[in-house]
Amino acid sequence: MATPTLSIPPHAPPEPDRPRRPLQAILYKSTLTLYRIFAIVTLYAVLLGILAYAFVMGFYAVSRSWAAPIILSAYDEKSLDYMQQLVLSRQTIEELHVDILRQQTTLAEMDKYRTSLQALDHQLDTAITRERSHDKQTGPELAQLDTQKQADNQKTQQLLTQIHQMESQVKADLAAGLITKGDASTQLAALNHAETDYTDSRIADVMLSDSVLDRTTIGTKSLEVIEKQAELRNDIAQLDVTLSVAQKQLEEDNRQVDRLRDAINTAKQSPYYLNASGGQRLYFAFVPYDNQINATVGAPIYDCYLNMVLCRKVGTVKQIFAGEQVINHPVFKTQVRGLTILMNLSRPESAKSQTVFLGRKPLWF
């Protein structure tokens with residue numbers, strides 16, 4: 001078997017070097033240099049941006065003097081709601097004043113009427129006591145007189161029997177002609193008068209018995225008077241209850257007016273009230289609770305370029321409000337709780353800055 005042979009081709013001769021153009025080499029080197037410079041600048045710019053961002057974050061994380069200006073308008077929803085509540089409160093106070101005046105007038109009339117009823121009750125009670133005392137004294141006397149009257153009537157009745165006999169005798173004498181008609185008429189008239197007197201005496205006896213009954217017992221008339229007195233006292237009791245309820249309502253209305261006035265006085269210390277009712281433009285700022293130590297009346301206010309350098313004094317703190325406010329942090333964009341201050345600015349454009357600083361410059365320059 002034949003062994004295969006390998007054939008090795010001969011080496012090709014190297015190509016001769018081609019000369020590069022000088023302009024192309026210069027452009028290549030310039031482009032490469034510019035790219036490196038741009039990369040380095042970009043890298044340092046990114047590093048500087050990161051450092052600046054970290055510095056700003058750290059600065060606002062540890063700063064205890066920053067405040068965020070707030071622009072409030074009289075046409076803001078909160079301001080309008082605030083003024084609406086104030087108007088309603090004042091209207092309620094006026095309505096309560098009218099109601100209080102009406103209640104005071106009603107109470108005065110009711111008290112006057114109650115006084116007259118009490119005086120009438122006193123007079124009625126005095127009259128009842130006086131009549132009972134009088135009846136107690138005269139009742140036994142009338143009872144005794146009634147007994148005597150009945151005895152007198154019995155005697156008179158016995159005499160009437162004799163009078164009837166005399167009347168028959170007079171008529172008999174007249175018929176016999178023993179007396180004249182004139183004498184007979186006179187005698188009969190006298191006898192008739194005696195009978196009439198007896199009838200009157202019996203009537204007086206019955207009336208006397210009624211008087212004795214009225215004075216010695218409690219009759220229907222006495223019960224009617226007692227009923228009237230009970231009704232009178234019931235009216236007085238009901239009037240007392242009505243007066244008590246009206247008086248309590250009047251006191252509650254007065255307390256309600258005091259509470260509303262206190263609420264209005266408190267509301268007048270709100271920035272929304274001052275902003276809506278003030279004639280001039282007012283400038284406010286939000287101060288977080290962590291920075292509250294620098295928020296004092298009269299403390300200087302500084303506005304800075306880039307929110308932290310090259311600061312200048314632009315005003316002072318004029319007033320501090322106690323009500324709590326919640327806003328988003330101007331840098332971290334998280335919710336922050338704090339209070340509101342009123343600024344007295346010499347440079348009103350500083351109210352549009354993102355932050356201002358209280359008490360001192362943040363970086364001492």
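Keep in mind that what you see is a predicted model, and the values were worked out from it rather than measured.
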Could you give the distance from [atom1] ([X]) to [atom2] ([Y]), rounded to the nearest 0.5 Å?
| X | Y | atom1 | atom2 | result |
| --- | --- | --- | --- | --- |
| I236 | L239 | CD1 | CG | 8.0 Å |
| K333 | I327 | NZ | CD1 | 9.5 Å |
| T31 | K29 | OG1 | NZ | 12.5 Å |
| N254 | L250 | CG | CG | 5.0 Å |
| E109 | R114 | CD | CZ | 15.0 Å |
| Q104 | D253 | CD | CG | 10.0 Å |

Which atom names give the shortest non-hydrogen contact between [X] and [Y], and what distance separates them?
| X | Y | value |
| --- | --- | --- |
| K313 | T316 | CE-CG2, 4.1 Å |
| V336 | P288 | CG1-CB, 3.7 Å |
| M308 | P362 | O-CG, 3.6 Å |
| A285 | A67 | CB-CB, 4.4 Å |
| P330 | Q354 | O-NE2, 2.6 Å |
| T296 | V317 | O-CB, 3.3 Å |

Verify side-chain contact (heavy atoms from CB on, under 4.5 Å) between T106 and R102, making sure each step is shown before the conclusion. CA-CA 6 Å; T106 303; R102 179 183 59 80; 4.3 Å; yes
Under the 3.5 angstrom rule, does the side chain of [X] hit a backbone N or O of [Y] as a donor-acceptor pair?
| X | Y | value |
| --- | --- | --- |
| S244 | D240 | no |
| N291 | V287 | no |
| N344 | K318 | no |
| E324 | G338 | no |
| D125 | D121 | no |

Would you indicate whether the side-chain heavy atoms of [Y] and [X] approach each other to under 4.5 Å?
| X | Y | value |
| --- | --- | --- |
| P271 | T340 | yes |
| P69 | F284 | no |
| Q319 | I341 | no |
| L101 | H97 | no |
| F321 | L342 | yes |
| C304 | L310 | no |
| K361 | F357 | no |
| Y289 | R337 | yes |

TODO: Before giving the answer on side-chain contact (heavy atoms from CB on, under 4.5 Å), spell out for I26 and S30 the whole-Å C-alpha distance, their side-chain angles and the decisive distance to 0.1 Å.
DONE: CA-CA 6 Å; I26 294 173; S30 300; 4.1 Å; yes
Hphob cluster co-occupancy, [X] + [Y], side-chain heavy atoms under 4.5 angstrom:
| X | Y | result |
| --- | --- | --- |
| Y283 | V297 | yes |
| I320 | V356 | yes |
| I264 | L88 | no |
| L339 | L358 | yes |
| I50 | L48 | no |

Please check if atom [atom1] in [X] has more than 12 non-hydrogen atoms from other residues, nucleotides or ligands closer than 6.0 Å.
| X | atom1 | answer |
| --- | --- | --- |
| I293 | CD1 | no |
| R36 | CZ | no |
| Y28 | OH | no |
| L32 | CG | yes |
| R360 | CZ | yes |

For the residue pair [Y] / [X], report whether a side-chain donor-acceptor contact shorter than 3.5 Å exists.
| X | Y | answer |
| --- | --- | --- |
| S65 | N294 | no |
| T355 | Y60 | yes |
| Q335 | N328 | no |

For the pair W66 and F59, evaluate side-chain contact (heavy atoms from CB on, under 4.5 Å) and give the outcome as yes or no after the intermediate values. CA-CA 10 Å; W66 68 269; F59 172 79; 6.0 Å; no
Quiz prompt | E252 vs R259, salt bridge (charged side-chain N to carboxylate O under 4.0 Å, His left out): CA-CA, chis, key distance, verdict | solution = CA-CA 10 Å; E252 179 60 28; R259 287 193 293 266; 2.9 Å; yes
**Q.** Step-by-step salt bridge (charged side-chain N to carboxylate O under 4.0 Å, His left out) determination, R312 to D303
**A.** CA-CA 6 Å; R312 62 193 183 280; D303 187 15; 3.6 Å; yes
Between L51 and Y53, does the side-chain contact (heavy atoms from CB on, under 4.5 Å) criterion hold? Intermediate values first, please. CA-CA 5 Å; L51 291 176; Y53 179 79; over 6 Å; no
